[in-house]
Amino acid sequence: QPDASLLRRLVRPDHAGPSYTGEVRPGGATAVVRWSRAMMALQKILCPIDFSPGSRQAMRAAVRLADEAGAELVLAHAWYVPPMAFGAEYDLAAELAEEIRADARDSLDAAVREAAELGARRVSPRLLAGNPAHELVRVLDHDPAFELVVMGTHGRSGLARVLLGS
């Protein structure tokens, strides 16, 4: 079981209540952590990642939680090219979508290696295709073993979000 003091250090050093939702802000990045003493025996953690500073910080927090609990950590990334982004140039869009998928896979694999280097003992990737919010909810709906989601509060925006996902 993870030590409750680790969770308090991640969230807020002076909080000793039975549950808490808060933000972790080391290095200027923000990650949201929600925990309760009832969740201390974690088995499986989902950490959506879009490779932004906030999601990388969330990954670091998830690695620490997974390490303390001996839990499996799943890093998930959803890439998405909106159908209207390329209009009638569908062939170009399909070719570009394949390149984006391959880049997303490479980046996700690098994140898994980084998580392992940070101490995650059981870490695996989950590459998703589609609207990130919908795909992450679908993952949680289909796998009730996830007991905790650790995610950054801000991801990509603008053109980067359209082309690379969040």
Side-chain angles (χ1 to χ4, degrees), residues 2 10 23-35 42-166:
L10 286 172
E23 295 181 354
V24 182
R25 297 180 190 249
T30 303
V32 172
V33 176
R34 182 174 188 182
W35 67 277
L42 301 171
Q43 298 298 313
K44 196 169 185 180
I45 299 171
L46 177 66
C47 181
I49 185 167
D50 64 4
F51 318 114
S52 68
S55 73
R56 288 206 178 274
Q57 185 58 40
M59 182 187 73
R60 288 183 199 96
V63 165
R64 283 183 271 173
L65 291 167
D67 183 49
E68 285 288 321
E72 176 185 357
L73 174 61
V74 177
L75 299 179
H77 174 73
W79 67 273
Y80 179 56
V81 178
M84 296 180 59
F86 296 98
E89 312 241 355
Y90 180 76
D91 291 332
L92 175 62
E95 184 178 308
L96 182 57
E98 179 53 33
E99 287 181 36
I100 292 171
R101 187 207 60 76
D103 287 345
R105 168 54 69 193
D106 292 345
S107 296
L108 185 57
D109 289 343
V112 167
R113 286 190 301 276
E114 180 183 348
E117 290 168 6
L118 290 170
R121 290 174 275 182
R122 294 186 299 144
V123 60
S124 61
R126 180 95 43 108
L127 184 62
L128 309 168
N131 179 291
H134 296 148
E135 293 305 313
L136 292 169
V137 168
R138 186 185 336 243
V139 166
L140 294 169
D141 282 345
H142 286 96
D143 190 345
F146 284 109
E147 298 171 298
L148 180 68
V149 177
V150 180
M151 68 183 344
T153 58
H154 298 295
R156 291 189 174 124
S157 62
L159 186 59
R161 183 180 182 128
V162 169
L163 295 177
L164 301 174
S166 180

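Values below: every heavy atom of this structure, side chains too, minus hydrogens, waters and symmetry copies. All figures in this text were calculated on a predicted structure; none of them were measured in a lab.
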Peer 1: Which residue is it: L42, I45, V139? I am looking for the one with a side chain to side chain contact (heavy atoms under 4.5 Å, CB included) to F146.
Peer 2: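 So the option named by the test is V139.
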Peer 1: What pair of heavy atoms forms the shortest contact from A120 to V63, and how long is it?
Peer 2: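 Looking at all heavy atoms of both residues, the shortest contact is N-CG1, 3.7 Å.
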Peer 1: Among all residues two or more places apart in sequence or in another chain, which pass the side-chain hydrogen bond (donor to acceptor under 3.5 Å, both in side chains) test with E135?
Peer 2: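 Expected list: R138.
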Peer 1: Provide the closest heavy-atom pair for C47 versus M59 in the form atom of the first, atom of the second, distance.
Peer 2: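 Shortest heavy-atom contact: SG-CA, 3.6 Å.
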Peer 1: Going by heavy atoms in the side chains, are S124 and V74 under 4.5 Å from each other?
Peer 2: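 Yes, their side chains come closer than 4.5 Å.
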Peer 1: Among residues two or more places apart or on two chains, list those pairs meeting side chain to side chain donor-acceptor pair (under 3.5 Å) that have a residue in residues 112-123.
Peer 2: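 Qualifying pairs, neighbours excluded: R56-E114, D67-R121.
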Peer 1: For residues V150 and A58, report the shortest heavy-atom separation together with the two atoms involved.
Peer 2: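 Here V150 and A58 meet closest at CG1-O, 3.4 Å.
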Peer 1: How close do G130 and Y80 get, heavy atom to heavy atom, and via which atoms?
Peer 2: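 Scanning both residues, the minimum pair turns out to be O-CB, 3.3 Å.
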Peer 1: Taking atom CG of D103 and atom CD of E98, what is their separation to the nearest 0.5 Å?
Peer 2: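 Result: 10.0 Å between the selected atoms.
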Peer 1: Quickly, which of L136, I49, D143, V112 forms a side chain to side chain contact (heavy atoms under 4.5 Å, CB included) with R126? Name it, please.
Peer 2: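 Testing R126 for a side chain to side chain contact (heavy atoms under 4.5 Å, CB included) against L136, I49, D143, V112 leaves exactly one candidate, D143.
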Peer 1: Judged by atom type as modelled, is there a donor-acceptor pair below 3.5 Å linking the side chain of H77 to the main-chain atoms of L127?
Peer 2: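 No, because the side chain of H77 does not come within donor-acceptor range (under 3.5 Å) of the backbone of L127.
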Peer 1: In Å and rounded to the nearest 0.5 Å, what is the CZ to CG distance from F51 to L108?
Peer 2: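 It comes to 5.0 Å.
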Peer 1: Look up atom CG in L148 and atom NZ in K44, then write down how far apart they are to the nearest 0.5 Å.
Peer 2: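 Rounded to the nearest 0.5 Å, the CG-NZ separation comes to 13.0 Å.
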